[in-house]
Amino acid sequence: MALLTVRDLCVSIGRVQPLDRICLALDKGQVLGVVGESGSGKSLTAMSIMGLLPLMGGRISSGSIEFGGTELVGLPEPAYRALRGQRLAMITQNPMTSLDPMLKVGAQIDQVATLHLGMSPAAARARSLDLLQQLRIPDAGTVYHHYPHQMSGGMKQRIVIAMALAGDPDLIIADEPTTALDVTIQAQIIQILVDLVHQRGLALMLITHDMGVVAQACDRVVVLYGGRVAESNSVARIFAHPSHPYTRALIGCIAQTGQLRGSLKGIPGVVPSVGDYASGCRYHPRCDHAQMLCQSDVPMLRASDGGEVCCHFPQGLLP
Ligand SMILES: Nc1ncnc2c1ncn2[C@@H]1O[C@H](COP(=O)(O)OP(=O)(O)OP(=O)(O)O)[C@@H](O)[C@H]1O
Ligand SMILES: [Mg+2]
């Protein structure tokens, strides 16, 4: 059984339904990429799993999120709070949403272990220093005593990763953890994170805009479009045989730039906004292969080639 299984997750915020029947699964020791353009529902999927939708005025209207055998939909807040920071951890794009500017970074990492794991201050300190070294932070003993403002963006993000690891979680959700950073630093940090996840047998959900990051770091990938799953499969399969025209377009962006670091801005057409989805398949206005059926009928997610695809005409083939 997978560590995390999300089934037919629907989310509403006020009168809009930004997530529609999201499905995904993630095992221990695995890195799952969640990829899609801005507004495709990546962060809302993460917030749903973390139980943080109420913060943005959203709620789960139907579906299931099973984590380590526990159903998280409807879990009371105190139980959720116990999971967060310990079994479930999240890393966001802006490290300052997780860091306290008034506290030395070492103390902030220590706190995770003392609060969530009940460690003594001395044991927590030794563990924090060890984590800083594993994150390849030079001169960890000095950095431990620094305040966030004394550090570069990349270093701050490593501290946030150390905090996420400090609680010994089973699952880390990283929501575009390196987007704000320089490209070289991005690749380094992603590699360190992925190596640690594999070494420790954790599960990592890595949210990204970048198919290059997917190719570098992920075992499996879920492609989202307009709040729905377009396609999911192993990374090897997705790159070898993309079934959904949107996935092919994403991979095409990489081919155009001649490198793995693709920009999603390369896909022609307008990214739909949440109140304004097309009828039928939400991708049809931008799809080269769209037929009448694609305008009228909503495609269903179905098994294909070891994964799942949500397209009337996968692989662009006419019936
Ligand atoms: N609090 C909110 N109220 C109303 N709509 C929202 C709210 N938060 C998000 N949305 C809408 O839900 C959709 C999905 O948003 P989400 O933040 O999950 O996208 P994303 O894939 O993470 O995008 P990005 O790559 O820009 O981070 C978007 O269309 C967004 O406008
Ligand atoms: Mg987001």
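Computation of the quantities below employed the complete heavy-atom set of this structure, encompassing side-chain atoms and omitting hydrogens, waters and symmetry-equivalent molecules. Both counts, for ligands and for their atoms, begin at 1 and track the order of listing.
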Is Arg286 salt-bridged to Glu37, going by a charged N under 4.0 Å from an acidic O?
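Yes, this pair counts.
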
SB check Asp110 Arg125 (cutoff 4.0 Å)
no

Do the side-chain N and O atoms of Gln191 and Asp195 include a donor-acceptor pair separated by under 3.5 angstrom?
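Side chains of Gln191 and Asp195: pair found under 3.5 Å.
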
Distance only, no hydrogens: is a donor on one side chain within 3.5 Å (strictly under) of an acceptor on the other, for Glu176 and His209?
yes

Following the transitive rule for hydrophobic clusters with a side-chain heavy-atom cut-off under 4.5 Å over Ile, Leu, Val, Met, Phe, Trp and Tyr, establish whether Leu165 and Ile173 coincide in one cluster.
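No, Leu165 does not connect to Ile173 through the hydrophobic network.
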
N/O of [X] under 3.5 Å from N/O of ligand 1, yes or no?
X      : result
Tyr277 : no
Gly41  : yes
Thr45  : no
Ser40  : yes

May I ask you to check if any N/O/S atom from Ser43 comes under 2.8 Å of the Mg ion (ligand 2)?
yes

Considering non-hydrogen atoms of the protein only, which is the closest contact for [atom], and what is the distance?
atom                    : answer
atom 24 (P) of ligand 1 : Ser38 OG, 3.5 Å
atom 8 (N) of ligand 1  : Met56 CE, 3.8 Å
atom 17 (O) of ligand 1 : Ser43 CB, 3.7 Å
atom 14 (C) of ligand 1 : Gly39 O, 3.5 Å

Identify which of [options] has a heavy atom lying nearest to [atom].
atom                    : options                     : answer
atom 21 (O) of ligand 1 : Gln17, Arg15, Glu176, Lys42 : Lys42
atom 4 (C) of ligand 1  : Ile207, Ile13, Val11        : Ile13
atom 9 (C) of ligand 1  : Leu44, Leu53, Leu224        : Leu44

Examine Arg282 relative to Tyr225 and say whether NZ or CZ is less than 6.0 Å from the centre of the six-membered ring and inside a 45° cone about the ring axis.
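No, Arg282 and Tyr225 do not form such a contact.
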
Looking at atom 30 (C) of ligand 1, is any protein heavy atom nearer than 4.0 Å to it?
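No, there is none.
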
Show your reasoning for whether salt bridge (charged side-chain N to carboxylate O under 4.0 Å, His left out) applies to Glu71 and Arg7.
CA-CA 11 Å; Glu71 176 58 57; Arg7 286 189 201 89; 5.7 Å; no

Option passing side-chain contact (heavy atoms from CB on, under 4.5 Å) with His289 (candidates Cys294, Pro245, Cys311):
Pro245

